[in-house]
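In listed order, ligands and their atoms are each counted from 1.
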Amino acid sequence: MQTDSSFTFVLFGGTGDLSMRKILPALFEAHRAGGMLADSGKIVAVARHVADRADYLEWVNEHVKPHVSKNGVDETAWASFLDRIEFVKIDLGKAEDFALLRDAVSGMPGIRVFYLATGPSLFVPICHALASVGLNENSRIVLEKPLGYDLKSSNAINDAVGEIFAEDQIYRIDHYLGKEPVQNLLALRFGNVLFEPLWRREWVESIQITIAEELGVEARGDFYDNTGALRDMVQNHLLQLLSIVAMEPPHSMDSDSVRDEKLRVLRALKPIDPRDISKVAVRGQYHAGVIRGNAVPAYATEPGVKQDSTTETFVAVKVEIENWRWAGVPFFLRTGKRLADRVAEIVVNFRAVPHSALGASALRGGANRLVIRLQPNETIRLYCLAKQPGEGMNLASVHLDLAFDQFFREGQMEAYQRLLLDVINGRLALFVRRDEQEAAWRWVEPILNEWAASNKPPKPYAAGTWGPAAASAMLAQHGTCWLEEEN
Ligand code: BG6
């Protein structure tokens with residue numbers, strides 16, 4: 001699709017990790033694909049520790065190029081991509097430096113996008129400085145997570161940014177919303193008649209949503225130790241996935257129709273009574289272990305992490321939704337670092353048939369199950385019972401598979417590429433609205449508070465396992481188990 005939406009994309013934190021690994025590679029892919037970015041569009045990187053444009057381009061060549069195009073870089077496209085890049089040296093601590101930015105972008109075309117790939121403590125000062133030189137007009141602002149540390153601090157940032165930018169100028173990124181399979185979840189639910197009638201308490205027994213990682217905290221120990229898995233993954237990615245799984249069919253796919261429905265789910269989450277937290281939430285921290293044959297150290301010995309840290313690297317939590325569709329259906333959310341596998345998936349366990357003429361196996365709950373694998377290897381797998389060949393009526397579990405890479409060999413887009421194109425083209429549907437964010441913070445806060453006040457440390461688990469046994473025990477109380485525990 002040819003676009004003529006011209007833009008000036010200003011990247012704060014131009015030499016940061018996110019710019020290097022995600023943002024600039026995504027912009028390059030859009031550029032290379034042709035037709036996605038207006039030819040006149042410009043990228044203006046802002047950084048402090050680089051002398052000038054030539055130096056910045058050197059940095060881009062050295063650090064960004066290795067992260068683009070797995071199958072080798074198209075050198076012609078790379079050279080023309082570099083032509084788009086300008087550079088402004090600014091000390092973000094000095095508001096007066098922003099006049100330099102205003103002068104640099106004043107003749108540049110189209111909508112201005114300010115991408116804040118910086119720490120959240122800089123969001124408000126940058127917005128004020130932009131406003132002081134009139135750059136908040138005809139512009140959009142992109143805020144990376146974490147947006148705050150709790151409800152209060154997130155509100156403080158949103159209030160301050162909201163004084164300078166209107167809500168429809170603010171793009172809060174949750175990169176999970178940009179993933180192709182998450183988009184596909186909407187297509188699966190609302191493009192087919194097949195699932196919708198069954199997608200409710202009468203037919204669904206329980207739902208699991210897992211985002212498991214093999215990676216540890218890498219170079220982010222310091223950040224992570226002050227954050228933990230609940231803030232890093234549950235408050236945003238997992239609750240966003242939950243809201244898409246559980247939402248009512250929207251009237252249309254426009255931004256507010258979708259976000260209104262997600263908000264209804266987030267507001268219907270059953271508040272957790274602080275006295276029940278140990279029953280409905282499990283927190284864990286990894287100890288040394290082995291992943292795919294490699295020994296990995298304990299969390300508490302990672303660089304930047306306090307030796308006596310009680311930060312959780314694993315969370316499993318039971319969520320209930322108080323509405324007619326979902327009352328009484330437990331949703332189990334789980335995430336962790338240094339787990340046995342890297343996998344993100346949604347498991348919908350359907351109820352057993354109400355009466356079986358075919359023997360007890362058909363009465364077993366979970367005989368019908370839909371597994372939506374988000375990553376890696378995007379697949380939808382529907383489990384059914386079928387008759388085993390031969391004499392007698394013996395049933396066996398079989399599955400129908402839809403592997404997306406076999407149907408669609410091309411055209412997959414990375415989350416950041418989709419989201420950046422949406423910002424440039426003014427599409428807000430895949431960005432988190434302020435009220436959604438508040439509802440999510442409100443729901444996690446009792447758990448955060450209880451864990452902060454508790455003198456019980458997180459439950460240990462060996463790296464390379466599926467987390468503390470208590471996470472399995474929580475499901476066992478509901479007569480179910482995690483998918484990998486099925487035999
Ligand atoms: C980020 C978290 O938001 O998501 C990281 O801060 C986590 O800790 C990452 O590793 C996971 O994203 P993905 O796309 O690799 O599943």
Side-chain angles (χ1 to χ4, degrees), residues 13 16-23 25-26 29 67 70 115-120 142-149 154 171-185 209-244 283-286 291 296 299 302-305 309 311-315 333-346 372-379 412-420 430-432 436-437 440-441 444 448 458 463 467:
D17 200 59
L18 193 68
S19 299
M20 171 175 91
R21 286 174 201 277
K22 298 288 184 190
I23 302 171
E29 280 307 324
H67 293 286
K70 296 167 207 105
Y115 197 118
L116 274 46
T118 63
V142 187
L143 304 177
E144 262 295 338
K145 70 177 265 283
L147 213 133
Y149 185 75
S154 145
Y171 290 68
R172 296 180 191 83
I173 290 241
D174 183 314
H175 78 280
Y176 262 73
L177 294 180
K179 289 184 188 260
E180 194 82 53
V182 177
Q183 298 290 288
N184 238 324
L185 187 57
I209 308 179
T210 293
I211 304 178
E213 298 185 272
E214 285 180 19
L215 286 179
V217 291
E218 308 299 290
R220 299 193 308 157
D222 194 18
F223 156 79
Y224 194 88
D225 208 33
N226 289 306
T227 304
L230 193 63
R231 290 186 179 91
D232 190 42
M233 301 293 288
V234 180
Q235 187 273 341
N236 34 64
H237 306 322
L238 276 167
L239 287 182
Q240 282 291 325
L241 287 180
L242 169 79
S243 66
I244 293 179
R283 64 169 169 163
Q285 188 187 87
Y286 64 81
I291 299 188
V296 296
Y299 172 74
E302 300 271 16
V305 173
S309 170
T311 299
E312 77 286 356
T313 59
F314 174 97
V315 175
L333 311 186
R334 169 176 69 157
T335 187
K337 299 231 178 249
R338 292 283 192 227
L339 295 183
D341 201 359
R342 172 178 181 254
V343 62
E345 69 191 358
I346 297 163
I372 303 165
R373 165 70 70 96
L374 305 175
Q375 67 186 27
N377 310 327
E378 183 184 2
T379 326
Q412 300 277 338
M413 209 184 252
E414 281 288 322
Y416 270 92
Q417 185 178 342
R418 169 174 297 102
L419 294 173
L420 295 182
L430 301 182
F431 296 84
V432 182
E436 291 180 78
Q437 201 176 45
W441 274 122
V444 296
L448 286 175

Legend entry - Presence of salt bridge, K145 and D232, under 4.0 angstrom: yes
Legend entry - Check ion pair R418-E180 (N to O, under 4.0 angstrom): yes
Which of the ligand 1 atoms, numbered from 1, are nearer than 4.0 Å to a heavy atom of [X]:
X	value
K145	1 (C), 2 (C), 3 (O), 6 (O)
K337	5 (C), 7 (C), 8 (O), 10 (O)
K179	13 (P), 14 (O), 16 (O)
D232	2 (C), 5 (C), 6 (O), 8 (O)

Legend entry - atom 4 (O) of ligand 1 - nearest protein heavy atom and its distance: H175 CE1, 3.4 Å
Legend entry - Nearest neighbour in protein (non-hydrogen) for atom 16 (O) of ligand 1: Y176 OH, 2.4 Å
Legend entry - Side chain, backbone, both or neither: Y224 near ligand 1, heavy atoms under 4.0 Å: neither
Inset, instruction - Return yes when atom CD of E414 has more than 12 non-hydrogen atoms of other residues, nucleotides or ligands closer than 6.0 Å, and no otherwise. - result: no
Inset, instruction - Side-chain contact test, heavy atoms from C-beta onward, threshold under 4.5 Å: evaluate it for Y171 versus L419 and give yes or no. - result: no
Inset, instruction - Determine, considering heavy atoms only, which of E213, R342, R220 sits nearest to atom 5 (C) of ligand 1. - result: R220
Inset, instruction - List the steps, then state whether side chain to side chain contact (heavy atoms under 4.5 Å, CB included) holds for V217 with Y286. - result: CA-CA 11 Å; V217 291; Y286 64 81; 4.1 Å; yes
Legend entry - Where Y299 and S309 come nearest, the two heavy atoms and their spacing: CE2-OG, 3.5 Å
